[in-house]
Amino acid sequence: MSRRPFVAGNWKMNLNRAGAAELAGVVARGSAEVGAAVECAVCPAFVHLDAVRHALEGSEVRLGAQDLYFEPDGAFTGEVSTAMLQDLSVRYVLTGHSERRHVIGETDDLVSRKTTAAIGAGLDVILCVGETIEQRRGGETDSVNERQVRAGLAGITAEQMSRITIAYEPVWAIGTGVTATPDDAQAAHARIREVLGEVHGAEIAAATRIQYGGSVKPENAASLFSMPDIDGGLIGGAALKGPGFLEIMRAACT
Ligand code: PGA
């Protein structure tokens, strides 16, 4: 089963409006040269979505958001609904990012509600999972990933799985400069794919894209992406520099 590699930039709480639009323009122009072999998305802060949307017009680069709230509307101060995102042409949304789990305190249950709401509304989801360094040292990597995958997908049907991407992001590799070795990442991805098979069957498991995230850079992208169960990446820091991000996209083509 061939899976089209998918590289997404998670810009986190960075850039201003002009900087976000400029970076989006660089990615949009560069992605045309990279071509259709790899799918690309960028996820700016909510307040930059509209500016980035304009900068991406006419390109194949998808617009993504970093979060959402699961209720459709109402008295939820500070939150953003699926309809608000769709009104801005958002196609993808991240759920369960480790910074939301570990800094903001989101639970598996909240991640599940958000994932279900996003898919139900017609958005595509990048569901992020990954273990902390303590969990890895304690031999819990696979059990943590399994728990987060099963919980995150609890409300998702087999038919909806084509709109789910999993991002395996070991927490200890995010923003630290320390990357999982290709072999360690591959082992975690292979186990996640097995779990997908247990939940939704072998065919869906083989068709679902699993990105790697955690200090992916132009220098290490190709070796990670060459592993059989790694289908591109979710890129943080290195996505903030246009030329480097495009290099990572090119690494996903080979
Ligand atoms: P990083 O972040 O590439 O800066 O490690 C990845 C992510 O958090 O998605």
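Each residue takes its place number in the sequence, starting with 1. Order of listing sets the numbers, starting from 1, for every ligand and every atom in it. In this text, all values refer to a predicted model and were calculated from it rather than measured experimentally.
Between E134 and R137 no salt bridge is recorded (no basic side-chain N to carboxylate O distance below 4.0 Å). The existence of a salt bridge linking R191 and D142 is excluded, since no basic side-chain nitrogen approaches an acidic carboxylate oxygen closer than 4.0 Å. Between E198 and R150, at least one side-chain nitrogen of the basic residue sits less than 4.0 Å from a carboxylate oxygen of the acidic one, meeting the salt-bridge criterion.
Across Q148, R101, R113, a single residue satisfies side-chain hydrogen bond (donor to acceptor under 3.5 Å, both in side chains) together with D108, and that is R101.
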Tabulated below should be the N or O atoms of ligand 1 paired with protein N or O atoms at under 3.5 Å; can you produce that?
unit_1: ligand 1; atom_1: 2 (O); unit_2: K12; atom_2: NZ; d: 3.2
unit_1: ligand 1; atom_1: 3 (O); unit_2: S215; atom_2: N; d: 3.4
unit_1: ligand 1; atom_1: 3 (O); unit_2: G236; atom_2: N; d: 2.9
unit_1: ligand 1; atom_1: 4 (O); unit_2: G237; atom_2: N; d: 2.8
unit_1: ligand 1; atom_1: 5 (O); unit_2: G175; atom_2: N; d: 2.6
unit_1: ligand 1; atom_1: 5 (O); unit_2: S215; atom_2: N; d: 2.7
unit_1: ligand 1; atom_1: 8 (O); unit_2: K12; atom_2: NZ; d: 2.7
unit_1: ligand 1; atom_1: 8 (O); unit_2: H97; atom_2: NE2; d: 2.7
unit_1: ligand 1; atom_1: 9 (O); unit_2: H97; atom_2: NE2; d: 3.3
unit_1: ligand 1; atom_1: 9 (O); unit_2: E169; atom_2: OE1; d: 3.3
unit_1: ligand 1; atom_1: 9 (O); unit_2: E169; atom_2: OE2; d: 2.7

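For E169 (side chain) and G130 (main-chain N/O), no donor-acceptor pair under 3.5 Å exists by modelled atom type.
Between the side chains of S143 and E140, no donor-acceptor pair is found at a separation under 3.5 Å.
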